[in-house]
Amino acid sequence: MQRLNNLGAMKPHIAHLLVLALCTTIFSISCADAAPPRSPPKAEHFRATAVTNTKQLSKYMSEAALETALMAIKEHKCPQNNMTIYRNPRPERKAMVVTVACSPSLETDQTASRYYAYLEYPLTFIVQGDTVTEVDLSAQGFMYESGKISFITDLDQSDMPEFWLFGDVCECDGEPEDFGPNGCDCDGGVVVEFRNGSLHPWKNRKRVKAR
């Protein structure tokens, strides 16, 4: 079998099929499905506010919601000094997103030379009034845990946030001549929407243009 960096010498349709098969087998998001979506208009991005303590967090959440969120943060053994609140630019839309940077210790009794597990995404909550729902983004994994939340929007104005996730979906092995005229592009992306208590592929039901 020829090595991947010799794909340029193979027939184009065979090389393409082999690459797609490799991507689909190895990664939870395949190369075929993870071409980066067009970025949403900046005016539609949720506004991000950094929060470094629970007193600041209480300014944006009800007492009941704050209690629920803090219990979850404690359960995950996450610090409470590196949080971000994302709010809809439309004030009439009340749903917001809270993320917590979290790298829990692999061993609870370690005090020195701590070694932390690396999480691809932060601990993420959807806050709707007094209701707090933890959102698990781990199913939207990218190569080498490179996935990140690039934008949060509500383009269809449903009060259900959309997460724009981007990361690497392949490696640029080989020589420049092995790639096409545009070079090697390993950037991938997916958009998922929080709906009915869980994440679903975003369908842009109102056909709002994202540019």
Side-chain angles (χ1 to χ4, degrees), residues 23-24 26-31 33-40 42 44-52 54 56-57 60-61 65-66 68-88 95-106 108 114-128 131-155 158-171 186-203 210:
C23 292
T24 305
I26 296 178
F27 310 123
S28 56
I29 295 178
S30 74
C31 294
D33 296 330
R38 299 172 66 186
S39 298
K42 190 172 182 180
E44 300 290 347
H45 296 186
F46 274 34
R47 307 296 187 255
T49 302
V51 174
T52 58
T54 57
Q56 293 176 335
L57 195 62
Y60 303 95
M61 302 172 63
L66 179 63
T68 301
L70 292 180
M71 287 179 60
I73 293 171
K74 183 177 181 180
E75 181 180 344
H76 285 278
K77 298 182 174 61
C78 300
Q80 299 178 9
N81 60 356
N82 190 359
M83 300 175 283
T84 305
I85 294 176
Y86 296 88
R87 292 177 293 164
N88 198 315
M96 65 180 183
V97 177
V98 177
T99 63
V100 183
C102 185
S103 298
S105 175
L106 291 179
T108 56
R114 284 185 153 188
Y115 180 73
Y116 290 98
Y118 179 79
L119 298 182
E120 185 165 13
Y121 297 106
L123 181 62
T124 304
F125 302 106
I126 303 288
V127 181
Q128 297 169 305
T131 303
V132 177
T133 306
E134 183 177 340
V135 177
D136 185 5
L137 296 170
S138 61
Q140 314 298 329
F142 289 85
M143 190 176 185
Y144 299 136
E145 292 80 39
S146 61
K148 64 178 181 179
I149 303 173
S150 294
F151 316 108
I152 301 174
T153 61
D154 182 19
L155 292 181
S158 62
D159 214 21
M160 293 180 285
E162 303 127 10
F163 293 85
W164 297 66
L165 310 174
F166 292 83
D168 297 330
V169 296
C170 63
E171 289 183 338
C186 283
D187 295 332
V190 65
V191 185
V192 291
E193 180 181 40
F194 177 78
R195 190 169 68 251
N196 299 326
S198 58
L199 294 174
H200 303 269
W202 181 52
K203 299 182 182 300

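A quick note: this is a predicted structure, and the numbers were derived from the prediction, not measured.
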Just by distance, do the side chain of E162 and the backbone of L155 share a donor-acceptor pair under 3.5 Å? yes
Quick check for you: to the nearest 0.5 Å, what is the distance between T68 atom OG1 and E134 atom CD? 12.0 Å
Taking every heavy atom of T153 against every heavy atom of W164, the minimum-distance pair comes out as OG1-NE1, 2.8 Å
If the test is side-chain contact (heavy atoms from CB on, under 4.5 Å), which one of V100, T99, N82 qualifies with P122? T99
What one should report as the nearest heavy-atom pair of R47 and K42 is NH1-O, 4.0 Å
Interatomic distance, CD1@I149 vs CD@Q140, rounded to 0.5 Å, equals 11.0 Å
Run the numbers on F163 and I152 for side chain to side chain contact (heavy atoms under 4.5 Å, CB included), then give the verdict. CA-CA 5 Å; F163 293 85; I152 301 174; 4.0 Å; yes
Q128: partners by side chain to side chain contact (heavy atoms under 4.5 Å, CB included), with sequence neighbours left out: A95, I126, F194
The reported gap from OG in S158 to CZ in R195 (rounded to nearest 0.5 angstrom) is 8.0 Å
Rounded to the nearest 0.5 angstrom, the OG1-CG distance for T124 and L137 is 4.5 Å
Side chain to side chain contact (heavy atoms under 4.5 Å, CB included) involving T49 - partner list, sequence neighbours excluded: Y60, R87
Determine the minimum heavy-atom distance between F46 and D154, stating which atoms define it. CE1-N, 3.6 Å
D159: which residues meet the side-chain hydrogen bond (donor to acceptor under 3.5 Å, both in side chains) condition with it, sequence neighbours left out? none
Would you call the rings of F151 and F166 parallel, tilted or perpendicular if under 30° counts as parallel and over 60° as perpendicular? perpendicular
Is the shortest heavy-atom distance from the side chain of L165 to the side chain of F142 under 4.5 Å? yes
Looking only at heavy atoms, the pair that brings T133 and G197 closest together is CG2-O, 4.1 Å
Strictly distance-based, threshold 3.5 Å: is any side-chain N or O of S146 a donor or acceptor partner for the main-chain N or O of D168? yes
So, Q80 side chain and I73 main chain: donor-acceptor pair closer than 3.5 Å or not? no
Test of understanding: with side chain to side chain contact (heavy atoms under 4.5 Å, CB included), list the residues that count as partners of S198, not counting sequence neighbours. H200
Tightest non-hydrogen contact, residues P40 and H45, listed as O-NE2, 3.3 Å
Please report the closest heavy-atom contact between A65 and V132, naming both atoms and the distance. O-CG2, 3.4 Å
For T52, give me all partners under side-chain hydrogen bond (donor to acceptor under 3.5 Å, both in side chains), at least two apart in sequence or on another chain. Q56
Going by the rule side chain to side chain contact (heavy atoms under 4.5 Å, CB included), which residues pair with A48 if we only count those two or more places apart in sequence or in a different chain? T84, Y86
In Å and rounded to the nearest 0.5 Å, what is the SG to CG distance from C102 to L123? 6.0 Å
